[in-house]
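Both counts, for ligands and for their atoms, begin at 1 and track the order of listing. Predicted model, so just to flag it, every value in this text is computed and none were measured.
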Amino acid sequence: MPSVTEVHIQARLAEVRERIAAAADRAGREADVIRIVGITKSHPAEFVRAAHEAGLKLIGENRIDEALPKRAATDDLEDLSWHMVGHIQSRKARTVVQVFDAVHSVDRFKIAERLNRAAEQAGTRLPILLECNVSGEVSKWGWPLTEQASWSEVTEEFARIRELPNLEVRGLMTMAPMVVEAERVRPIFKKLHALQIYLRRVIPGDWSELSMGMTEDYEIAVEEGATLLRIGRAIFGPRATG
Ligand SMILES: *Cc1c(COP(=O)(O)O)cnc(C)c1O
């Protein structure tokens with residue numbers, strides 16, 4: 001018999017999927033290119049298992065220390081893919097490669113180099129996204145690319161990251177600031193999409209993924225071209241604070 005947790009997660013996920021489908025429809029997009037990364041931070045491994053049971057294949061965490069035991073506890077679920085979505089300290093690159101299957105939060109050249117080296121040592125290739133700050137918030141991680149005029153300044157660095165043999169650049173990620181009204185993030189998502197179009201033009205290769213949109217704004221993100229939605233609370237419920 002399914003547990004209460006399983007039933008809740010299944011129902012919430014069904015609603016999120018419906019809303020994604022409706023948003024995709026409004027935007028004239030195919031819903032099947034849009035994937036959910038279930039963000040399980042602060043929740044136990046049991047939630048990961050329940051999400052998997054409900055058909056979720058991508059799990060996201062923002063801290064290595066928290067992801068490690070959860071991944072170990074769900075190691076029998078072989079078709080789960082673990083995504084790192086939080087800031088990474090350079091000395092943790094090796095652990096990141098051991099624990100995660102993909103990284104959304106590559107936010108500087110140095111960490112790309114470290115991850116490349118760690119992936120080489122581990123004999124793997126790591127899919128990554130480049131985290132860009134297009135919102136103008138000073139507190140956020142990522143390449144500061146708020147001004148369109150600054151975009152040409154990073155193309156050389158991005159092209160160099162693409163040349164690192166053990167990384168596979170797949171696209172871009174952004175963190176929108178917390179706002180009271182979700183609509184206010186729309187220009188930020190639009191800007192990340194515009195940056196993707198720009199990069200496609202100047203650096204050949206795969207830029208297909210756009211990781212943007214969370215619980216409060218994932219429908220807007222879908223309307224603006226997101227392919228990866230990082231959703232926590234809408235699927236798993238509120239997180240304990242502190
Ligand atoms: C926590 C977190 C999310 C999910 O946030 P919700 O508001 O719970 O959907 C997404 N991305 C990152 C980087 C996070 O840390």
Under 4.0 Å from any heavy atom of [X], which atoms of ligand 1 are there?
X: Arg230; result: 4 (C), 9 (O), 10 (C), 11 (N), 12 (C), 13 (C)
X: Ile231; result: 9 (O)
X: Thr215; result: 6 (P), 7 (O), 8 (O), 9 (O)
X: Lys41; result: 1 (C), 2 (C), 3 (C), 14 (C), 15 (O)
X: Arg233; result: 6 (P), 7 (O), 8 (O), 9 (O)
X: Val85; result: 12 (C), 13 (C)

*Verify the distance criterion only: is there a donor paired with an acceptor across the side chains of Ser105 and Glu131 at less than 3.5 Å?*
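No, Glu131 and Ser105 have no side-chain donor paired with an acceptor closer than 3.5 Å.
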*Considering only the protein, which heavy-atom contact is closest to atom 8 (O) of ligand 1, and what is its distance?*
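For this ligand atom, the closest protein heavy atom is Arg239 NH1, 2.7 Å.
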*For atom 10 (C) of ligand 1, grab the closest protein heavy atom and report residue, atom and distance to one decimal in Å.*
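Of every protein heavy atom, Met214 SD, 3.2 Å lies nearest to atom 10 (C) of ligand 1.
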*Mark the output for Glu216 as yes if a heavy-atom distance to ligand 1 is under 4.0 Å, and as no if none is.*
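Glu216: no contact with ligand 1 (<4.0 Å).
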*Report yes if some N/O of Gly232 lies less than 3.5 Å from some N/O of ligand 1; otherwise report no.*
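Yes, at least one N or O pair falls under 3.5 Å.
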*Do Ser90 and Arg108 pass the side-chain hydrogen bond (donor to acceptor under 3.5 Å, both in side chains) test, and can you show the C-alpha distance, the side-chain angles, and the key distance before you say yes or no?*
CA-CA 10 Å; Ser90 299; Arg108 59 205 190 280; 3.1 Å; yes
*Does the distance from a Lys or Arg side-chain N to an Asp or Glu carboxylate O, for Arg233 and Glu216, drop under 4.0 Å?*
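Between Glu216 and Arg233 there is a salt bridge, with a charged N closer than 4.0 Å to a carboxylate O.
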*Would Arg19 and Glu15 pass as an ion pair if we require N to O under 4.0 Å?*
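A salt bridge is present here (some side-chain N lies under 4.0 Å from a carboxylate O).
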*Are more than 12 heavy atoms from other residues, nucleotides or ligands located less than 6.0 Å from atom CZ of Arg184?*
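Not buried by this count: 12 neighbours or fewer within 6.0 Å.
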*Parallel, tilted or perpendicular for Trp143 and Phe158, by the 30°/60° rule?*
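Judged by the thresholds at 30° and 60°, the geometry between Trp143 and Phe158 is perpendicular.
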*Indicate yes or no: at least one non-hydrogen side-chain atom of Lys92 is less than 4.5 angstrom from one of Val99.*
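No, too far: nothing below the 4.5 Å cut-off.
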